[in-house]
Amino acid sequence: MMKRLVPTFNRILVQRVIQPAKTESGILLPEKSSKLNSGKVIAVGPGSRDKDGKLIPVSVKEGDTVLLPEYGGTQVKLGENEYHLFRDEDVLGTLHED
């Protein structure tokens with residue numbers, strides 16, 4: 001049975017991206033160079049409501065690569081995979097390849 005987690009309110013489900021420890025040519029990278037805290041958005045909640053009851057949508061969408069704070073989030077394990085739940089406002093930004 002496949003489990004699927006759907007976040008509530010303004011939360012997002014992120015799978016952290018593990019940066020490679022060495023390049024394709026085999027050069028080992030220092031630990032600090034691969035310390036970028038990024039992750040791929042797996043699922044998003046519908047958003048939160050303001051005091052008038054209007055829906056404030058989440059600012060990211062499924063598939064986005066986001067920059068995450070070093071600490072925070074709630075760790076969730078589904079099967080063999082490890083994910084983290086963050087509030088939308090905890091995300092520092094989105095990463096785009098040029």
Side-chain angles (χ1 to χ4, degrees):
M1 182 169 97
M2 177 71 174
K3 289 185 181 179
R4 178 176 159 93
L5 177 64
V6 179
T8 57
F9 302 112
N10 65 338
R11 290 180 176 81
I12 62 169
L13 184 66
V14 175
Q15 186 171 30
R16 288 194 184 261
V17 174
I18 307 298
Q19 301 295 331
K22 62 181 176 178
T23 64
E24 291 179 14
S25 61
I27 298 172
L28 293 175
L29 298 171
E31 187 177 318
K32 292 192 181 226
S33 70
S34 62
K35 195 66 174 164
L36 184 63
N37 288 321
S38 62
K40 182 177 178 186
V41 177
I42 303 299
V44 297
S48 58
R49 303 241 176 223
D50 65 9
K51 60 183 174 184
D52 297 326
K54 294 180 184 172
L55 184 67
I56 303 169
V58 178
S59 62
V60 296
K61 61 185 182 303
E62 291 181 16
D64 282 353
T65 302
V66 294
L67 185 61
L68 301 168
E70 189 172 350
Y71 303 104
T74 302
Q75 186 175 343
V76 178
K77 192 163 185 174
L78 294 173
E80 297 296 316
N81 298 323
E82 187 176 295
Y83 302 97
H84 290 81
L85 275 170
F86 288 91
R87 292 182 187 272
D88 184 40
E89 59 266 12
D90 291 340
V91 173
L92 303 175
T94 57
L95 298 172
H96 300 279
E97 290 189 27
D98 293 328

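- The shortest side-chain heavy-atom distance between Val66 and Val41 falls under the 4.5 Å cut-off.
- You'll find the side chain of Val76 reaches within 4.5 Å of the side chain of Leu5, heavy atoms only.
- The shortest distance between side-chain heavy atoms of Val60 and Val44 falls below 4.5 Å.
- Rounded to the nearest 0.5 angstrom, Arg11 CZ and Ser48 OG are separated by 10.0 Å.
- Rounded to the nearest 0.5 Å, atoms OH (Tyr83) and CD1 (Ile12) are 14.0 Å apart.
- Hydrophobic clustering, with ILVMFWY side chains joined whenever heavy atoms are under 4.5 angstrom apart, groups Val58 together with Val91.
- Residue Pro46 comes nearest to Thr8 through the heavy atom pair CD-C, 4.4 Å, listed as atom of the first residue, atom of the second, then distance.
- Residue Gln75 forms a side-chain hydrogen bond (donor to acceptor under 3.5 Å, both in side chains) with just one option from His84, Arg16, Glu82, and that option is Glu82.
- Taking the charged nitrogens against the carboxylate oxygens, Asp64 and Lys61 do have a contact shorter than 4.0 Å, which makes a salt bridge.
- Listed here is the closest heavy atom pair of Asp90 and Pro69: O-CD, 3.4 Å.
- Here the CG-OG distance, from Leu95 to Ser38, works out to 6.0 Å after rounding to the nearest 0.5 Å.
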Please walk me through it: do Ile56 and Asn10 pass side chain to side chain contact (heavy atoms under 4.5 Å, CB included)?
CA-CA 8 Å; Ile56 303 169; Asn10 65 338; over 6 Å; no
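- Side-chain atoms of Asn81 do not come within 3.5 Å of backbone N or O of Leu78 as any donor-acceptor pair.
- Considering only heavy atoms from C-beta on, Thr94 stays 4.5 Å or farther from Thr65 through its side chain.
- Side-chain contact check for Leu92 versus Leu68: every heavy-atom pair is 4.5 Å or farther apart.
- Within the 4.5 Å cutoff, side-chain heavy atoms of Pro7 are placed close to those of Leu85.
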